[in-house]
Number of protein chains: 2
Amino acid sequence: MRTSEVAAAAGVNVQTLRYYERRGLLPVPERSKSGYRAYDTQAVRTIRFVKHAQQLGFSLEQIDTLLTLAAGGPDGCDDATALATEKIAHLETKIADLTAMRNSLRQLVETCDRSRDQRCCTLFDAVEITEQTGDDDHERPPRRHPRPN
Amino acid sequence: MRTSEVAAAAGVNVQTLRYYERRGLLPVPERSKSGYRAYDTQAVRTIRFVKHAQQLGFSLEQIDTLLTLAAGGPDGCDDATALATEKIAHLETKIADLTAMRNSLRQLVETCDRSRDQRCCTLFDAVEITEQTGDDDHERPPRRHPRPN
DNA sequence: CTTGACTCTGTACCGTGGTACCGGGTTTAG
DNA sequence: CTAAACCCGGTACCACGGTACAGAGTCAAG
């Protein structure tokens, strides 16, 4: 397949293919004798996967490791398991957050017949349950930093 | 609360507060007589919510409508329900995608003791099930566009 | 009343993820 | 052989989501 065919099939711009190739997301394709890129059909699937993963909130760098995993992961079983397990945990957090948000919105719909400020929408709480920052001395901070020296 | 307190409590840069204010994500705060912003504690929660939602793959524009919903949604019950229902559908798609990805990775972990190319990782398929593009004439395109005229 | 940490507005810049344009070469129907 | 439609590499530019810097004002401890 030629560049523009792949781009059209995957629904992206031609330039994007080259960009992904530079970023290492797309394997360097074969070339025709005149220097044209010749992609295999897998390329289309890869690009679609990238686009999809982006919509789920992954950066291209994160997607890079997902692609590694999609190809079977690192050689060593321990390495592969570790990487996959980490990503699984990551996914489960996201799933939990989104589920909590969805439940909040359902609640809103149920209480929708009330006046606006009587409606029940716990979107904020929904997402706070998974928060953990280390420092919790935000209340009453030390009013002006103790000057150095 | 003053600007820097809010920023520290929410874990963002001071400039980010002003940026969000310009974008309309953060309500315009009261001002002290000398012109300093005086935030209520809700501001911290709002910012944390924004940050969290970003990690889940929402743009600031999308987050804007989520904030509207968090505040009870549009006045009319029908409008509020419609908007919330749309977002719920959106969330469920994401949840399904992430769940499929997670299952693929679990499968990978299970087949991890095999050699790399024998491992089973269906990450690509995981995400394709929810694909729907309108045009499906990607196979064998008409070799050169029919020239105009 | 000075000094250092803070605040303000405004504008310029940055990283990520692309997109567009340029000058040139290639392919193929007519 | 020509012309339309494609391909190439290189570079410049764009939008989004911030982040930094400049110049000026405010506030409280010493």
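Lettering of chains follows the sequences in order, A, B, ..., and the numbering in each one begins at 1.
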Q: Between D/dA15 atom C1' and A/Tyr19 atom OH, what is the distance in whole Å?
A: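 Computing the A/Tyr19:OH to D/dA15:C1' distance gives 13 Å.
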
Q: Only one of B/Val50, B/Leu17, B/Thr16, B/Leu67 forms a side-chain contact (heavy atoms from CB on, under 4.5 Å) with B/Leu26, so which one is it?
A: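 Output: one option passes, namely B/Leu17.
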
Q: Closer than 4.0 Å, any side-chain N/O of A/Ser34 to the OP1 or OP2 of C/dT27?
A: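 So the side chain of A/Ser34 is within the cut-off, an N or O lying under 4.0 Å from OP1 or OP2 of C/dT27.
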
Q: Nearest-Å distance, CD (B/Gln54) to P (D/dG18)?
A: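 Interatomic distance, CD of B/Gln54 to P of D/dG18: 4 Å.
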
Q: C/dT7, D/dG18, C/dG17: which one has an atom nearest the side-chain heavy atoms of B/Arg2?
A: C/dT7

Q: Just checking, A/Lys94 and A/Phe58: is the charged tip under 6.0 Å from the six-membered ring centre and within 45° of the axis?
A: yes

Q: With the side chain of B/Gln15 defined as its heavy atoms from C-beta on, choose the nearest nucleotide among D/dT19, C/dC21, D/dG9.
A: D/dT19

Q: Reckon B/Arg37 has a side-chain N or O less than 4.0 Å from the OP1 or OP2 of C/dC8?
A: yes

Q: Between D/dC7, C/dT19, C/dT7, which nucleotide has the shortest distance from any of its atoms to the side chain of A/Thr3?
A: D/dC7

Q: Of the nucleotides D/dC8, D/dT19, C/dG17, which one has an atom closest to the side chain of A/Arg23?
A: C/dG17

Q: Starting the side chain at C-beta, find the nucleotide from C/dT7, D/dC7, D/dT19 nearest to B/Ser4.
A: C/dT7

Q: When we call it a touch if two heavy atoms are under 4.0 Å apart, what does B/Lys51 touch: a base, just sugar-phosphate, or nothing?
A: sugar-phosphate

Q: Choose from D/dT19, C/dG25, C/dC8 the nucleotide whose nearest atom is closest to any side-chain atom of A/Tyr36.
A: C/dG25

Q: Would a single hydrophobic cluster contain both B/Val6 and B/Leu60, if residues Ile, Leu, Val, Met, Phe, Trp and Tyr are joined by side-chain heavy-atom contacts under 4.5 Å?
A: yes

Q: Count the heavy atoms belonging to other residues, nucleotides or ligands that lie under 6.0 Å from CD of B/Gln55, then report whether that count exceeds 12.
A: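 Check fails, neighbour count at 12 or below.
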
Q: Categorize B/Ser59 for me: base, sugar-phosphate, or nothing, with a 4.0 angstrom heavy-atom threshold over every strand shown.
A: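 Contact class for B/Ser59: sugar-phosphate only.
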
Q: Heavy atoms from C-beta onward define the side chain here; which of D/dG18, C/dG10, D/dC6 lies closest to that of B/Arg18?
A: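 Minimum distance to the B/Arg18 side chain belongs to C/dG10.
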
Q: May I ask you to say what A/Arg22 touches in the nucleic acid, namely base, sugar-phosphate or nothing, with a heavy-atom cut-off under 4.0 Å?
A: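 No contact.
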
Q: Contact class for A/Glu61 vs. all strands (heavy atom < 4.0 Å): base, sugar-phosphate, or nothing?
A: nothing

Q: Between the base of D/dG18 and the side chain of B/Tyr20, is there a donor and acceptor pair under 3.5 angstrom?
A: no

